Structures are given as C-alpha cells and as structure tokens.
Participant: 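My questions will all concern the structure given below.
Being a predicted model, the structure only gives us computed values, none of them experimental. Here is the naming used below: chain letters follow the sequence lines, and residue numbers restart at 1 for every chain.
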Amino acid sequence: MARSEEAEAFFHVVYTAVQQIPYGKVTTYGHIAKLIGTPERPRQVGICLKHLPQDTESRFNHDNVPWQRVINAKGMISPRSQPSGARNQAAALRTEGVTVTTSALGELMVDFSECGWFPNVLPSEAEEDDD
DNA sequence: TTGATGACTTGAT
DNA sequence: CATCAAGCCATCA
C-alpha cells in the first residue's frame, strides 16, 4: 500500500497552494505548510515539489505549478543536492522580475521586502480577509 | 520489513 | 548573533 490517499490529498493541496502565488512573488515552505493547515510539516511541502512530475499530461507538473516561487525561510533558494536546479530556479524567478541576489557563498537570495508573498497569516496588522 | 535521507522550520544553548 | 537538536513524513536502498 504505497501512497495513501491522505498523502495524495496533501500533494494536491500543496500544489494548489503554490499555484495561488501571484506572478513575480515568492513565499516560503513554512508559509505554504501553514496555508494548507499543516504548519508543522514544511519539509513535506518540499518533498511534494521534489516529486512534482514534469509530464505536462499530469494534473500538476513543472509547467503549471510555479514551484520556483517557493523558497526557504532564510529567503534563499535551497541548493537541494546540486546547484544546477537552484540556479535554474533563480533564472526562472529573474524572468518573472524577481530580484535574486547571489551571496559570496553562491547562495541565491531573494528579497522578501520586494517579492515576498505573505497573505493574512501575519502575527498582527492583518485581521481582514483579502478575498 | 527496517533504516537513512531530504527542495524545512522553530526553539534552545 | 551563531550553532545544535528535535519533529515531520514520503521516498530510496
């Protein structure tokens, strides 16, 4: 019994939440996790994107899910295992007009002050729905 | 089947 | 302010 229905539903909500990110904006795994109701599982969000299919025939794939707009809480693109993927992600963000800065260590950093997408989950000042 | 790994986050030292 | 440790759960070996 591999892939329980619950896991599949989790994947679904994660991909859907990622699709809610507007063009030229970025958010964090933890934020996505909180939006889908599982703030304790930011890691699974990353797993979902890792297993995001590339087939354009799949319901969710690299073409319709802006996985590139999802980065870590430090505002930097996770190097995952090879810098090639992160570099590609940075390039995609730049194409959307997102300012991506490269640190001395080669870490790709994104400025949340300019492209940070954080809906009404702020600790204060946001008590009304934006819907 | 178990064990280890990973596109993370938060809190404590 | 920097570093360590624990918690999560799906996937790979």
Participant: Would you please test A/N64 and A/Y15 for side chain to side chain contact (heavy atoms under 4.5 Å, CB included) and show each step?
Facilitator: CA-CA 9 Å; A/N64 59 25; A/Y15 295 147; over 6 Å; no
Participant: Both distances under 3.5 Å, Watson-Crick or G-U wobble: report the partner of C/dA6, or none.
Facilitator: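 Across any shown strand, C/dA6 pairs with B/dT9.
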Participant: Could you state the CZ-C1' distance from A/R80 to C/dA10, rounded to the nearest angstrom?
Facilitator: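 From A/R80 CZ to C/dA10 C1': 17 Å.
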Participant: Distances for protein N/O vs nucleotides 9-12 of chain B N/O pairs under 3.5 angstrom?
Facilitator:
from: B/dT9; atom 1: OP1; to: A/A73; atom 2: N; distance (Å): 2.5
from: B/dT9; atom 1: OP2; to: A/A73; atom 2: N; distance (Å): 2.7

Participant: Heavy atoms, side chains only, cut-off 4.5 Å: are A/K74 and A/M109 in contact?
Facilitator: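 Counting from C-beta outward, A/K74 and A/M109 never come under 4.5 Å.
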Participant: Report the distance from atom CZ of A/F10 to atom P of C/dT11, rounded to the nearest whole Å.
Facilitator: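 Computing the A/F10:CZ to C/dT11:P distance gives 11 Å.
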Participant: Please assess A/F112 against A/F118 for the test ring pair (Phe, Tyr, Trp, His ring centres under 6.0 Å), listing each intermediate value before the final yes or no.
Facilitator: CA-CA 9 Å; A/F112 285 132; A/F118 298 95; 5.5 Å; yes
Participant: Counting heavy atoms from C-beta on, name the nucleotide in C/dT11, C/dG7, B/dA7 closest to the side chain of A/S78.
Facilitator: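 Side chain of A/S78 sits closest to B/dA7.
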Participant: Send over the distance from A/Q89 CD to B/dC8 P, rounded to a whole Å.
Facilitator: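 So the two atoms are 10 Å apart, to the nearest Å.
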Participant: Expressed as a whole number of angstroms, how long is the span from A/E8:CD to C/dC9:P?
Facilitator: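 One finds 18 Å between P of C/dC9 and CD of A/E8, rounded.
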Participant: Could you tell me how far C/dT3 sits from B/dA7 if I compare only their C1' atoms? Round to whole Å.
Facilitator: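 Taking atom C1' in both B/dA7 and C/dT3, they lie 22 Å apart.
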Participant: Using the P atom on both, measure B/dT5 against C/dA5 and round to a whole Å.
Facilitator: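 After rounding to an integer number of Å, I get 16 Å for this pair.
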Participant: Using a cut-off of strictly less than 4.0 Å between a heavy atom of the residue and any atom of DNA chain B, enumerate the qualifying residues of residues 45-54 of chain A by number.
Facilitator: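 Listed by number, they are A/G46, A/I47, A/L49, A/K50.
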Participant: Between A/R43 and A/E6, which residue's closest nucleotide on DNA chain C lies nearer the 5′ terminus?
Facilitator: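 Closer to the 5' end of DNA chain C: A/R43.
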Participant: Rounding to an integer number of Å, can you tell me how far A/R87 CZ sits from B/dA7 P?
Facilitator: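 These atoms are roughly 17 Å apart.
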Participant: Rounded to whole angstroms, how far apart are CD on A/Q44 and C1' on B/dC8?
Facilitator: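 Atom-to-atom, A/Q44 to B/dC8, this comes out as 9 Å.
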Participant: A/F60 versus A/Q19: any side-chain heavy-atom pair under 4.5 Å?
Facilitator: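 Side-chain contact under 4.5 Å: yes.
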Participant: Once rounded to the nearest 0.5 Å, what's the spacing between atom NE2 of A/H62 and atom OG1 of A/T56?
Facilitator: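 Between A/H62 NE2 and A/T56 OG1, I get 12.0 Å after rounding to 0.5 Å.
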Participant: Starting at atom CD of A/E40, determine the distance to atom P of C/dC8, rounded to an integer number of angstrom.
Facilitator: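 Going from CD in A/E40 over to P in C/dC8 covers 8 Å.
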Participant: Strictly by Watson-Crick or wobble contacts shorter than 3.5 Å, is anything paired with C/dC1, and which nucleotide is it?
Facilitator: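 The base-pairing partner of C/dC1, which may sit in any strand shown, does not exist here.
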Participant: Rounded to the nearest angstrom, tell me the gap between atom CD1 in A/I32 and atom C1' in C/dC8.
Facilitator: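 Interatomic distance, CD1 of A/I32 to C1' of C/dC8: 17 Å.
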Participant: Are the side chains of A/F11 and A/L52 in touch, meaning some heavy atoms are under 4.5 Å apart?
Facilitator: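 They are not in side-chain contact.
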Participant: Kindly determine whether A/E96 and A/K25 satisfy salt bridge (Lys or Arg N to Asp or Glu O under 4.0 Å), including the steps that lead there.
Facilitator: CA-CA 8 Å; A/E96 299 193 354; A/K25 297 284 182 179; over 6 Å; no
Participant: With rounding to the nearest 0.5 Å, note down the distance linking SG in A/C115 to OH in A/Y23.
Facilitator: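 Between atom SG of A/C115 and atom OH of A/Y23 there are 11.5 Å.
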Participant: Examine distances only and state if a side-chain atom of A/T28 and a backbone atom of A/I71 form a donor-acceptor pair shorter than 3.5 Å.
Facilitator: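 Absent.
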